[in-house]
Amino acid sequence: MERRKLLKLITAGGAALGLGALASACGNKTPKPTIDLSDPTVGKMTYRTNPRNGDKISLLGYGCMRFPTIGDDKSAIDEEISQILVDEAIRRGVNYFDTAWPYHGGNSEIFIGKALKKYPRNSFYLASKFPTMKEPTYEEGIEIFNKQLEKCQVEYFDYYMLHALKSLDQFKKVYEENRVLDYLIEQKKAGKIRNLGWSFHGDKELFEYVLAKDVDWDFLLVQINYVDWIFGPERRFDGVNGEVPDAKWMYDKLAERNIPIVVMEPLLGGQLAKATPEAAGILKASRPEDPPARWAFRFVGSLPNVLTVLSGMTYMEHLVENARTFSPLDPVTESEKQVLENAARAMRETHTIPCTACRYCMPCPYGIDIPGIFSYYNKCAKEANIPKSAKDPDYERARRAFLVGYDRAISDLRQADKCIACKQCIPLCPQMIKIPEEMLRIAKLSESLR
Ligand code: SF4
Ligand code: SF4
């Protein structure tokens, strides 16, 4: 990139484009982060004690699915920068690292194994997950589990999960008919798994079925954020696999059984970090210094049965901000819960698509940039750039803003109108988003605005 263009990005547009765009402008390499050695919050991390075994776990956990990468290849982890992030997280007291078989195309386990190698094994907790979605046989299951230990360069996993349970039929096939659950229970007895649990994206029937099994579940990984907690899950789940449990229902069921919770997606796929202007205004009026993400983290961190809150931190600024939020945790007060309810209501009034940018649906065989389109749509929804009618007084401005940005953000061949509704992406989405339907809706929207 020409120096002139780069300078322009860094100055006028740089802040708005964010570090990701800046990274690609600099040749697709994430800028080397700097370390703030004078930060007084270092050393003040809040820890939760696992009531079952006394593990002292940092309330902020490192989700290992969003390390910085080199270029657009999400499997090419930028190991130099990621190691700096891991080291800084540890310096700030983070001791829980959550990876999984499919993260970064299989490279997350390899990287985090290398990154943690220099630390004593008893100084961190490593979590990984069995790839339910691959539907392995018993023999394949054995191979996968041993491969995971090898990739992570460890003798045991501290926390190990049946990954992304979302279908009762699939659960029965993999864990009952193929007897993978028996095998994992044997590994727990053998000391290769210290805590056995599951991560969940399904309906109430599946939740209750798995919970009722004759297994001493040690913990669960579930999605909790203040918007879903207050208003229940969004319409994305309508008609999909029966009734979807809301976060509070799951939390109460687990608390009753004294099963600790690890929280994923506390920011609702980043949406609560970029709250709508109205919601952000409500939060700011109460705590002017706090960004919206801090409210979301404080909310889930204040729930007593939560062991740790995962965040996939790509940039040093996110890591530092999140670590400060929990160093120490300032729990939400009763009056702040009312503020959050008002902000949640404002968020819900703006329709956004609950895509978490996990990229499980990628690559789309027809080249559609699924997370890119959803991210762009959500940005426009929050900035009021989606006109509802041509009679809208703001129609012309919003129309132009939507179309100009859309063509810039998503290349023509990757836009929603190129989706042929093959439906291959549907079973891959843990958020159960009806992707082809949303693509059709966005394609119609952009067509009507042109
Ligand atoms: S339904 Fe559309 S977005 Fe999904 S895989 Fe098929 S073409 Fe891609
Ligand atoms: S559409 Fe679903 S699978 Fe694809 S990135 Fe978003 S949340 Fe992940």
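In each ligand, atom 1 is the first atom listed, and ligand 1 is the first ligand listed.
Residue Ile435 approaches ligand 2 through these ligand atoms, each under 4.0 Å from one of its heavy atoms: 1 (S). Which parts of ligand 1 touch Ile420 is read off a 4.0 Å heavy-atom cut-off, strictly below it: atoms 7 (S). Listed by atom number, the atoms of ligand 1 under 4.0 Å from Pro365 heavy atoms are 5 (S). For ligand 2, the atoms sitting less than 4.0 Å from at least one non-hydrogen atom of Gln431 are 7 (S), numbered in the order shown with element in parentheses. For ligand 1, the atoms sitting less than 4.0 Å from at least one non-hydrogen atom of Tyr366 are 7 (S), numbered in the order shown with element in parentheses. Numbered from 1 in the order shown, with element, the atoms of ligand 1 that lie under 4.0 Å from a heavy atom of Cys422 read 1 (S), 5 (S), 6 (Fe), 7 (S).
Residue nearest to atom 4 (Fe) of ligand 2, selected from Cys361, Gly372, Cys364, Pro430: Cys361 (by heavy-atom distance). Residue Ile370 holds the heavy atom nearest to atom 3 (S) of ligand 1 of all those in Leu428, Ile370, Leu440, Asp369.
Checked against the 6.0 Å centroid criterion, the rings of Phe130 and Phe145 do not qualify as a close aromatic pair. The aromatic ring centroids of Phe67 and Phe111 lie less than 6.0 Å from each other. Annotation: Trp229 is in aromatic contact with Phe299 [ring centroid separation under 6.0 Å].
When only non-hydrogen protein atoms are considered, atom 6 (Fe) of ligand 2 lies nearest to Cys355 SG, 2.4 Å. Among protein heavy atoms, atom 7 (S) of ligand 2 sits closest to Thr356 N, 3.4 Å. Looking only at heavy atoms of the protein, atom 5 (S) of ligand 2 is closest to Arg359 N, 3.1 Å. Among protein heavy atoms, atom 2 (Fe) of ligand 1 sits closest to Cys419 SG, 2.4 Å. Among protein heavy atoms, the minimum distance from atom 1 (S) of ligand 1 is reached at Lys423 N, 3.2 Å. Ranking the protein heavy atoms by distance from atom 8 (Fe) of ligand 2 puts Cys358 SG, 2.3 Å first.
Test Phe207, Tyr159, Tyr160, Tyr175 against Trp198 for ring-ring contact (aromatic ring centres under 6.0 Å, His included) and you get one pass: Phe207. Among the candidates Lys129, Arg66, Glu109, Arg359, the single residue satisfying the side-chain hydrogen bond (donor to acceptor under 3.5 Å, both in side chains) test with Tyr103 is Lys129.
Because the distance cut-off is set at 2.8 Å, Cys425 fails to qualify as a neighbour of atom 4 (Fe) of ligand 2, as none of its N, O or S atoms comes that close. Atom 8 (Fe) of ligand 2 has no N, O or S atom of Cys429 under 2.8 Å away, backbone or side chain.
Note that the CG atom of Leu196 and the NZ atom of Lys188 stand 6.0 Å from one another [nearest 0.5 Å].
Phe402 and Tyr406 have tilted rings, their planes meeting at an angle from 30° to 60° on a 0 to 90° scale.
Taking every heavy atom of both residues into account, Arg298 and Thr325 meet most closely at CG-CG2, 3.8 Å.
At a threshold of 4.0 Å, the pair Glu140-Lys134 does not count as salt-bridged, since none of the basic side-chain nitrogens sits closer than that to a carboxylate oxygen. Electrostatic pairing of Asp252 and Lys248 counts as a salt bridge here, judged by a charged N lying under 4.0 Å from a carboxylate O.
A donor-acceptor contact closer than 3.5 angstrom links the side chains of Asp407 and Gln415.
With a heavy-atom cut-off of 4.0 Å, Ala357 touches ligand 2 through its backbone alone.
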